[in-house]
Amino acid sequence: MSRSENRPSVVWLRNDLRLADNPALTAAASEDRPLVVVYIHDETGDGIRPLGSASKWWLHHSLAALDAALRKLGGQLTLRSGPAARVLPELVDELDAASVHWNRRYTAARDIDAELKSSLRERGLTVESHQGNVLNEPWQIRNGQGEPYRVFTPYWRSAQDRPVRELWPAPEAVEPGWPERSPASDNLTDWNLLPTRPDWAGGLRETWTPGEAGALDLLDSFVADRLADYHRRDEPAVDATSGLSPHLRFGEISPAQIWHRLRGTGASTLPTAARSNVAKFLSEIGWREFSTALLFDNPRLAEDSYRPAYNAFPWGYTVDQLGAVDEPAGVSEVEAWRRGRTGIPLVDAGMRELWHTGTMHNRVRMVVASFLIKNLLIDWRAGEQWFWDTLVDADEASNPANWQWVAGSGADAAPYFRVFNPGLQQKKFDPTGEYVARWIPELGTADYPDPIVDLAETRREALEAYSAVKAASASN
DNA sequence: GTGACATTGAA
DNA sequence: TCAATGTCA
């Protein structure tokens, strides 16, 4: 074969660390050229949000799992680091690549991809982006005026009218480049994604199996064992949720795979209760899609109020006053919240679960967020940043979208007077106290702190603060 | 158990 | 008219 026919194709993986149902990988593999699979660790590109600590831990193990899976198919994962806008063209030059494929992302970093697509195409390469990580592209779901939806229910109704694409099988073999072309790769451990001194990841290792195989196992066990209990998903002591969120975050499984699998349970033939479990679970995939669409249309979702009137909210503490996540906090209240020492059992249990496992039950996330925002009057961005650093499923769209939802400043947000009462929430959703006891062994002893604020009094102050927002929106 | 609180987008 | 997730009197 001539050299020109041997020019390789490149798959640039980002948040799609899987072999099955990976449209970019399938497209590149079908070109019958040597295949180079690359992941670029980019912390400095425009629009890139550097990963939090828990996400870095996950990424390390996910990349290791992907490399092992590729090697079984005869390939390997190439690791490079630096701004993708520079690193990807360098790799293309080095390999004399003929084509580049990737699955789309929807953050501000998509400007990098658009630039790369046009500059590489100008040089004669085939460059294709694919739909791998969402059921629907954000721009495909629009309301009657052709505008993005601002409310979930009509968004999801409209989205569900559209067919979900068929799945792509994993390639049976991943031909590597010719030996003399095998590109150099960084050493994963040199990226220092794992914590050392101290190694705080013990709880994460006990809780999670990052990687595609772990994701598929979890989907299997969810459908087999937990889906039937999904109507109890709001009870944090009950193992009734899928646990798929970090796997979805890193694209170890696609929403299309989940959708087809749930449909494959014969949803239309199931008894009503089971059918509503399936519908409810799929609507959670819908919230992920809705958040992705919100971020697509509002690239500064983690920085700016979605509703401008909320710029008038008189925070007790702003994120600037509190400092960055890993600095010693200057304010004891936010530090008590972060460490699970507020004296409010359900809040502390959730924050400790997060610290230990890298996740927190969804119901409890709402409660701790409401407490930070409405009882401590601390800017939602401070909570968003803490979650970004500590959650293994920290997602650039879902995390700010949901924090803004709780704050009232987001899309489809609750009326401002909705302030969660952690005591009532505990009574409703952890009536036996099993969840709080699991995370607060010293509960009921002198070692457990008194509440750092009075819930009733701070609730009144929050409602007072919201009147500033009402005034601001009335004057607009 | 019920109503009051009373946002605002979508149909 | 109805909405994701609520509270209080």
Side-chain angles (χ1 to χ4, degrees), chain A residues 141-161 230-236 238 240-241 245 276-291 293-294 297-298 305-313 344 346-347 350 360-375 380 397-399 401-431 435 454-476:
Chain A
I141 310 298
R142 299 275 111 137
N143 67 14
Q145 285 79 54
E147 307 271 298
Y149 282 98
R150 299 168 69 84
V151 170
F152 173 73
T153 305
Y155 167 87
W156 187 228
R157 258 202 291 272
S158 163
Q160 283 179 300
D161 287 342
Y230 198 61
H231 59 280
R232 299 185 68 187
R233 66 190 165 277
D234 270 328
E235 297 172 62
V238 177
T241 62
S245 56
S276 86
N277 281 344
V278 170
K280 200 71 195 178
F281 177 65
L282 288 177
S283 84
E284 298 300 336
I285 303 296
W287 275 95
R288 176 183 180 273
E289 298 267 316
F290 183 52
S291 298
L294 287 173
D297 292 306
N298 304 274
S305 267
Y306 175 82
R307 295 170 193 274
Y310 278 73
N311 290 327
F313 194 93
I344 310 293
L346 189 56
V347 171
M360 190 195 307
H361 188 279
N362 179 252
R363 164 64 46 181
V364 189
R365 293 189 195 197
M366 291 188 279
V367 173
V368 304
S370 175
F371 180 78
L372 182 81
I373 295 166
K374 295 175 180 178
N375 294 107
W380 62 266
S398 297
N399 196 43
N402 286 313
W403 271 95
Q404 293 220 45
W405 183 85
V406 175
S409 64
D412 205 355
Y416 70 86
F417 49 81
R418 187 173 286 158
V419 178
F420 284 72
N421 178 327
L424 260 185
Q425 289 282 315
Q426 188 187 327
K427 223 158 115 187
K428 273 193 199 166
F429 299 111
D430 189 34
Y435 176 77
D454 181 275
L455 291 177
E457 189 186 318
T458 49
R459 177 180 196 273
R460 283 192 294 275
E461 286 166 7
L463 294 179
E464 181 84 3
Y466 273 94
S467 63
V469 173
K470 271 200 289 183
S473 55
S475 70
N476 287 341

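Lettering of chains follows the sequences in order, A, B, ..., and the numbering in each one begins at 1. It should be emphasised that the depicted structure is a prediction, and the values quoted were computed from it without experimental measurement.
A sub-4.0 Å separation between OP1 or OP2 of C/dT7 and a side-chain N or O of A/N421 is absent. For B/dA11, neither phosphate oxygen OP1 nor OP2 lies less than 4.0 angstrom from any side-chain nitrogen or oxygen of A/Q145. Within the structure, a side-chain polar atom (N or O) of A/Y149 is placed less than 4.0 Å from OP1 or OP2 of B/dA11.
Here, B/dG1 and C/dT7 have their P atoms 16 Å apart, quoted to the whole Å. Taking atom P on both nucleotides, B/dG9 is separated from C/dG6 by 22 Å, rounded to a whole Å. B/dA6 and C/dA3 have their C1' atoms separated by 14 Å, given to the nearest Å.
For A/L424 and C/dG6, the CG to C1' distance is 9 Å, given to the nearest whole Å. Between A/E284 atom CD and C/dT5 atom P there is a gap of 12 Å when expressed in whole angstrom units. Atom-to-atom, CZ of A/R418 to C1' of C/dA4 comes out at 8 Å; the value is rounded to the nearest Å. If you measure from atom NZ of A/K428 to atom P of C/dA4, you get 16 Å, rounded to the nearest angstrom. Residue A/R157 contributes atom CZ, which lies 9 Å from atom C1' of B/dA10 at whole-angstrom precision. One atom, CG of A/N402, and another, C1' of C/dA4, lie 10 Å apart when rounded to the nearest Å. For the pair A/H361 NE2 and C/dA4 P, the interatomic distance rounds to 19 Å; values are reported in whole Å. Rounding to whole angstrom units, CG of residue A/D161 and C1' of B/dA11 are separated by 14 Å.
The side chain of A/W405 lies closest to C/dT5 when the candidates are C/dT7, C/dT5, B/dG9.
Separation of the A/F290 and A/W156 ring centroids does not fall under the 6.0 Å cut-off.
Within 4.0 Å (heavy atoms only), A/L463 reaches no atom of the nucleic acid at all. Within 4.0 Å (heavy atoms only), A/R459 reaches sugar-phosphate atoms of the nucleic acid but no base atom. A/R460 comes within 4.0 angstrom of nothing in the nucleic acid, heavy atoms only. Using a 4.0 Å heavy-atom distance criterion, A/F420 is classed as a sugar-phosphate-only contact.
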Side chain to side chain contact (heavy atoms under 4.5 Å, CB included) between A/H231 and A/N277, worked out: CA-CA 6 Å; A/H231 59 280; A/N277 281 344; 3.6 Å; yes

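A/F152 contributes atom CZ, which lies 11.0 Å from atom CG of A/L294 (distance to the nearest 0.5 angstrom).
Ionic pairing of A/R460 and A/D454 is not present here: no N-O contact between side-chain nitrogen and carboxylate oxygen is shorter than 4.0 angstrom.
Checking C/dA4 for Watson-Crick or G-U wobble geometry (two distances, each under 3.5 Å) identifies no partner in any strand.
Of all non-hydrogen atoms in A/A411 and A/W405, the two that sit nearest each other are O-CD1, 3.5 Å.
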